[in-house]
There are 2 protein chains.
Amino acid sequence: MASIRDVAQKAGVAISTVSKVLNQYPNVSEETKAKVNEAIRELNFTPNTIASALSSKQAGRVALLLNLNTQTQAIDEIDMQYISGAINKAQEMKLDVITVFFSMIKDRDVYGIVNYLKAQSIEGIIIYGMSREDKILHKLIEEQHFRIVVVDAPFVNPNTSSVQIDHEKAQYDVAKKTILENKGNKILYIAGKKNGFVTKDRLDGMKRLAEEEKLSLLVRQGDFSEKKARQLAFQYARSRDIVVCASDLMAIGAMRALQEMDIFRPVCGFDGITLMGYAGKQMNTVRQDFYRISAEAMEEMARLLEGGEGREILLDYSIIRMQYLDIIC
Amino acid sequence: MASIRDVAQKAGVAISTVSKVLNQYPNVSEETKAKVNEAIRELNFTPNTIASALSSKQAGRVALLLNLNTQTQAIDEIDMQYISGAINKAQEMKLDVITVFFSMIKDRDVYGIVNYLKAQSIEGIIIYGMSREDKILHKLIEEQHFRIVVVDAPFVNPNTSSVQIDHEKAQYDVAKKTILENKGNKILYIAGKKNGFVTKDRLDGMKRLAEEEKLSLLVRQGDFSEKKARQLAFQYARSRDIVVCASDLMAIGAMRALQEMDIFRPVCGFDGITLMGYAGKQMNTVRQDFYRISAEAMEEMARLLEGGEGREILLDYSIIRMQYLDIIC
DNA sequence: CTGTTAGCGCCTTCAG
DNA sequence: CTGAAGGCGCTAACAG
């Protein structure tokens, strides 16, 4: 591997000069710039990111912090979209990415986590799927040792931005569409996890709709679990007109139950994962573009790393109807 | 962040001494070791991996090279298992991991890729899902600039190991089980992609069984595509007794077609992905534990990085029957 | 067994 | 506009 020294030598300039053209500094004549670039090309030189990070103390390294649900592979799709969206955008922005799972840091305290990350010269963290219970992460955010972007959780401070869709409105929209299409006013709403941030937002959307439309609303916690939703559907769906679920996975569980009971009730979901296509019936759902959400999160991270202030970002979504033939290829 | 210097100062020893206890070198008295460790704890010191990597030229950084199929989110599950298996094991072995997608390097030549990776101090690469067409990767392997572990492809040289299950035998086993359970001797075999390495292995297994059992074997390329398999099933399944597919996704496509045609034929798949549980019918399949395969690959990588010689590793698998209630939670 | 001394490859003032 | 010099945090001979 050619080093910056080789380049300097070949171009007949000082190392520092090469460094300057590498980092787009001003005060370098076009002439020498050309010479240097020529040498770089000839030697097929790529600067060593490790050395550059060490030296500048500014690595541009960001960690993806994922709450992997090892139980439910069915929604690995979401995490995969998160990961690829972030990584691709990071490459575009010339940021380094490492992937970290909650499980890897779960028995450390804030200080331990900060150390673990600082030791790797991490400057930014994107957190996916945090819940109200993750106290340590809340602290991490508060203490502002890092630039942080939180996906789907309402945290904002000078070093922290939040990125998400408007869950309240999305839940309202998809439920409304489903209800208008089918009429019926007794709703079974299968909500998410008690301590999830989006759970409340979505429930609020549902409640608003219920009030507006004078619906009878029965709310049960489905914990984002397919099995739980299935049980709840068995238990309550018969006496209800429509089943609104706070996630696709739960919608699938509910739909299965209905099929087994051999009764029909419209069901709608939330997320827009491919699996919905396998549900057996068409269903309305909110399509979140996780890839894009994550890419936006990374872009926001880049902004923060440049010194930008934390802020809240709301992304758009769409209401779609999923069916089998659309998803296969 | 405390640095090694602070520790040395606090412990009243030289920096190099601290380094030695950090890296478990011999020739350090228990006494000073204790002093140093004490200082480390007090200062809450974690060595800077970046600096250590730069200095030792031995970063222990490995890249995960994944061929993400953006079309088929349904099998993101596999990639996710690969990623988490590798990352978790890497943390255990104190290796650094970065994730790279084929798409990120697809327009570079070998030299460009080597540079890209070397610039990041990557020493090892684990390659997932390579096909015969990825000529550049073949070259990368041949040139041995890195330690490489290839999953599901038969490459071995002093710096390269291969890790996979015995696809030939697995295909043989699952097909045999399905055939014995159902009897029938006209088989439709929906094979994988023309240039996939496992495609041939699996096909060989099927052929061996066909010979042994005197089966009539009709082979068609399904390209690992659910849609294609669906079409093939529409076209050929009626005149066949049993449908053997080289992947779960294709098995699902075939099963769908059969349901739409309203005829029954036993179908078996390969992989053991969760999605199989949503197929509507129970099916036999080969369960590959992708998480474990990837973890083993990372372990093998650690061995290579320690100077071990490349070799072939065959992992085991099991034949299972998947059904809905087993997979939900 | 411990400390001294060079770097690793690059960035960054600061003179010239 | 360019180059010399020091240093980032750590490792690795080499003396002592």
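Chain letters run A, B, ... following the sequence lines, proteins first and then strands; every chain starts at 1. Model, not experiment: these values are computed from the prediction.
- Note that OG1 of B:Thr32 and CD of B:Glu30 are 8.0 Å apart. Values are rounded to the nearest 0.5 Å.
- Using a 30° and 60° split on the angle between ring planes, A:Phe197 and A:Phe155 fall in the perpendicular class, above 60°.
- Judged by distance alone, with hydrogens and angles left aside, B:Ser16 brings no side-chain donor or acceptor close enough to the base of C:dT2 to form a pair under 3.5 Å.
- Salt-bridge annotation for B:Glu92 and B:Lys89: present, with a side-chain N of the basic residue lying under 4.0 Å from a carboxylate O of the acidic one.
- Atom CD1 in A:Ile4 sits roughly 5 Å away from atom P in C:dC10 (whole-Å rounding).
- Of the candidate nucleotides C:dG9, D:dC10, C:dT2, D:dC10 has the atom lying nearest to any side-chain atom of B:Pro47.
- In this structure, the CG atom of B:Leu54 is 13 Å from the C1' atom of D:dA12, given to the nearest Å.
- Between B:Tyr25 and D:dA12, a side-chain N or O to OP1/OP2 separation shorter than 4.0 Å is present.
- Listed pair B:Asn23 / D:dT11 meets the phosphate criterion, a side-chain N or O lying under 4.0 Å from OP1 or OP2.
- In this model, a side-chain donor or acceptor of A:Ser55 finds a partner on the base of C:dC10 within 3.5 Å.
- One finds a side-chain N or O of A:Ser19 lying less than 4.0 angstrom from the OP1 or OP2 phosphate oxygen of C:dC11.
- At whole-Å resolution of the value, NZ in B:Lys20 and P in D:dC14 are 13 Å apart.
- Atom CG in B:Leu43 sits roughly 14 Å away from atom P in D:dG9 (whole-Å rounding).
- Across the protein-nucleic acid pair, A:Gln9 atom CD and D:dA4 atom P stand 12 Å apart, rounded to whole Å.
- Across A:Glu143, A:Glu309, A:Arg147, a single residue satisfies side-chain hydrogen bond (donor to acceptor under 3.5 Å, both in side chains) together with A:Asn159, and that is A:Arg147.
- Neither OP1 nor OP2 of D:dA12 sits under 4.0 Å from any side-chain N or O of B:Ser56.
- Listed pair A:Asn27 / D:dC1 meets the phosphate criterion, a side-chain N or O lying under 4.0 Å from OP1 or OP2.
- Counting to the nearest Å, the C1' atom of D:dG3 and the CZ atom of A:Arg5 are 15 Å from each other.
- In this structure, A:Ile15 places its CD1 atom 9 Å from P of D:dA4, rounding to the nearest Å.
- Counting distance only, with no hydrogens placed and no angle test, the side-chain atoms of A:Ser52 and the base atoms of C:dG9 include no donor-acceptor pair under 3.5 Å.
- Close to D:dT2, at under 4.0 Å from its OP1 or OP2, lies a side-chain N or O of A:Thr32.
- A donor-acceptor distance shorter than 3.5 angstrom exists from the side chain of A:Asp289 to the backbone of A:Arg292, with no hydrogens or angles considered.
- Nucleotides of DNA chain C nearest to B:Thr17 and A:Ser3 differ in position, and the one nearer the 5' end is that of B:Thr17.
- In this structure, B:Glu30 atom CD and C:dC1 atom C1' are separated by 12 Å, rounded to whole Å.
- If you check every strand for non-hydrogen atoms under 4.0 Å, B:Val13 touches sugar and phosphate atoms only.
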